[in-house]
Asker: 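Starting off with a structure, shown below.
Atom set for the values below is all heavy atoms of this structure, side chains included, hydrogens, waters and symmetry mates excluded.
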Amino acid sequence: MDEPVDIYEQAALNMSIPEGCDITRTVYASIKQLISHDIIDPSSVGFQSCEPLCGLCYHGSKEWDYIRFNIIVVGIILPIVGVFGIVGNAISAFVYSRPEMRCSTNFYLFSLACSDTGVALTGIFLFSLETFRPFSLTVARMSGQLSAIVYPMGMIAQTCSVYFTMCAGVDCFVQVCLPEKVRRAFSRKETVHFLAICVLIFSVLYNVPHFFEGFVIDCYHKDLGGMSKEVCPATLRYNELYQSIYYKYMYAIFLAVGPLITLIVLNTFIIGVSVFGSSASNTDDTMSLILVVLLFISCNTIALIINIFESYLSETLGSKINYIVDLSNFLVVFNSSFNIIIYIKYSRPFADTLFSYFCRRKPKTESPGPGPPIMITEKPSRSKKCKETLSRLLVASQPEVLI
């Protein structure tokens, strides 16, 4: 009776390694693993001398219409928006860290600006750099070497942005809607710092699996004529149970539907109290909330659909899904870069502080805000400086999984 053939030995039989090559090399073992789990087709594996040809796991589109769309939207417009976002978030972080702007809500917005800087940076690397990968061997090497690390780092930054936005929303809800005793307890320096640390820890732990979803192999780039690197998916990424639990249910609960519903409910109460309650609120505050919620929904709906229905959409749309993915990725960077426009337009304390430092302009007289802020320092608070921040609580939340 014949001996049963090991699955990796069977994969080796299906892959013709050139004679004279060291079959114990790690790259061959990695390719065998991909073949044995039906991630790649053995017939697609080619060699240049003893080096596997690139293209095992990365398949760039050959459609000229898509290539042109990708270069314009992701290769040109996205990095411009991203650089603007990096500068804008740096300015926002500077303004919100000024002594006259220190309150609990503004501390979360300072943290949000820092995490959004990470989103913009990793977005430029992952999306824009990938666009020029087929045209430059240096870019291909850089992208292949670093993508497996930059991707989970970008996801950590995005998760931080979602939950710092939620913290700011909860804080503003407490300041506007709840009694003075609760406001003071929630705005204590210890409480604010504790929540910020919890957000950081959760963001790292939640995204640990992304570090094990891919690995890097050395390969020969036939078109560019040199050695390059390519990221291939680990078997974990194609595990059906993992995809169902982590990418569908956990993503929806922790990064998409859950945060979205929470922020909408909180802002509904804030608007209700500001408009009909004892706390005075001007028309700009209400309008800004409506615009911010609409911006949040419009920038993240596509990402939500793609991540939950990825398999179905891939089968239905085929290569056309690349257009939607590029648009979704662009909206991620746009959402993380637009904050400073909202701050300058609808927050007088932010604009006054910004111009006082950069233009040496004296701040305008403050008008009453929708509720009394509580400073996280021992200094007395200024009413408008914290509470007008409710006008842009949702703008930077982007629960998008980078593609």
Asker: Taking the six-membered ring for Trp and the single ring otherwise, decide whether the centroids of Tyr206 and Tyr246 are under 6.0 Å apart.
Answerer: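 So the answer is yes for these two rings.
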Asker: Give a yes or no answer on whether the side chain of Ser97 reaches the backbone of Ala93 with a donor-acceptor pair at less than 3.5 Å.
Answerer: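 Present.
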Asker: Kindly assign one of parallel, tilted or perpendicular to the pair Phe107 and His193, based on the angle between their ring planes and the thresholds 30° and 60°.
Answerer: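 Judged by the thresholds at 30° and 60°, the geometry between Phe107 and His193 is tilted.
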Asker: By side chain to side chain donor-acceptor pair (under 3.5 Å), which residues pair with Glu213, not counting sequence neighbours?
Answerer: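 Checked Glu213 against side chain to side chain donor-acceptor pair (under 3.5 Å); matches are His210, Tyr242, Tyr247.
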Asker: Would Glu51 and Lys222 pass as an ion pair if we require N to O under 4.0 Å?
Answerer: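 Salt bridge absent between Glu51 and Lys222.
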Asker: Heavy-atom distance under 4.5 Å between the side chains of Phe186 and Val170, does that happen here?
Answerer: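 Phe186 reaches Val170 side chain to side chain.
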Asker: Just by modelled atom types, is the Tyr66 backbone N or O under 3.5 Å from a matching donor or acceptor in the Asn70 side chain?
Answerer: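 No, Asn70 side chain to Tyr66 backbone: no donor-acceptor pair under 3.5 Å.
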Asker: Quiz question: by atom type and distance under 3.5 Å, do the side chains of Thr159 and Asn207 form a donor-acceptor pair?
Answerer: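 Yes, because at least one side-chain N or O of Thr159 sits under 3.5 Å from a partner of the opposite role on Asn207.
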Asker: When you measure from the side chain of Thr191 to the backbone of Ser187, do you find a donor-acceptor pair of N or O atoms at a distance under 3.5 Å?
Answerer: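 No: the side chain of Thr191 does not pair with the backbone of Ser187.
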Asker: In terms of the angle between their ring planes, are Phe350 and Tyr343 parallel, tilted or perpendicular, with boundaries placed at 30° and 60°?
Answerer: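 Tilted, since the angle between the ring planes falls between 30° and 60°.
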Asker: Mind checking whether Phe127 and Phe330 have ring centres under 6.0 Å apart?
Answerer: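 Between Phe330 and Phe127, which both carry aromatic rings, the centre distance is not below 6.0 Å.
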Asker: Would you say Gln243's side chain and Arg237's backbone share a donor-acceptor pair under 3.5 angstrom?
Answerer: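 Such a contact is found between Gln243 side chain and Arg237 backbone.
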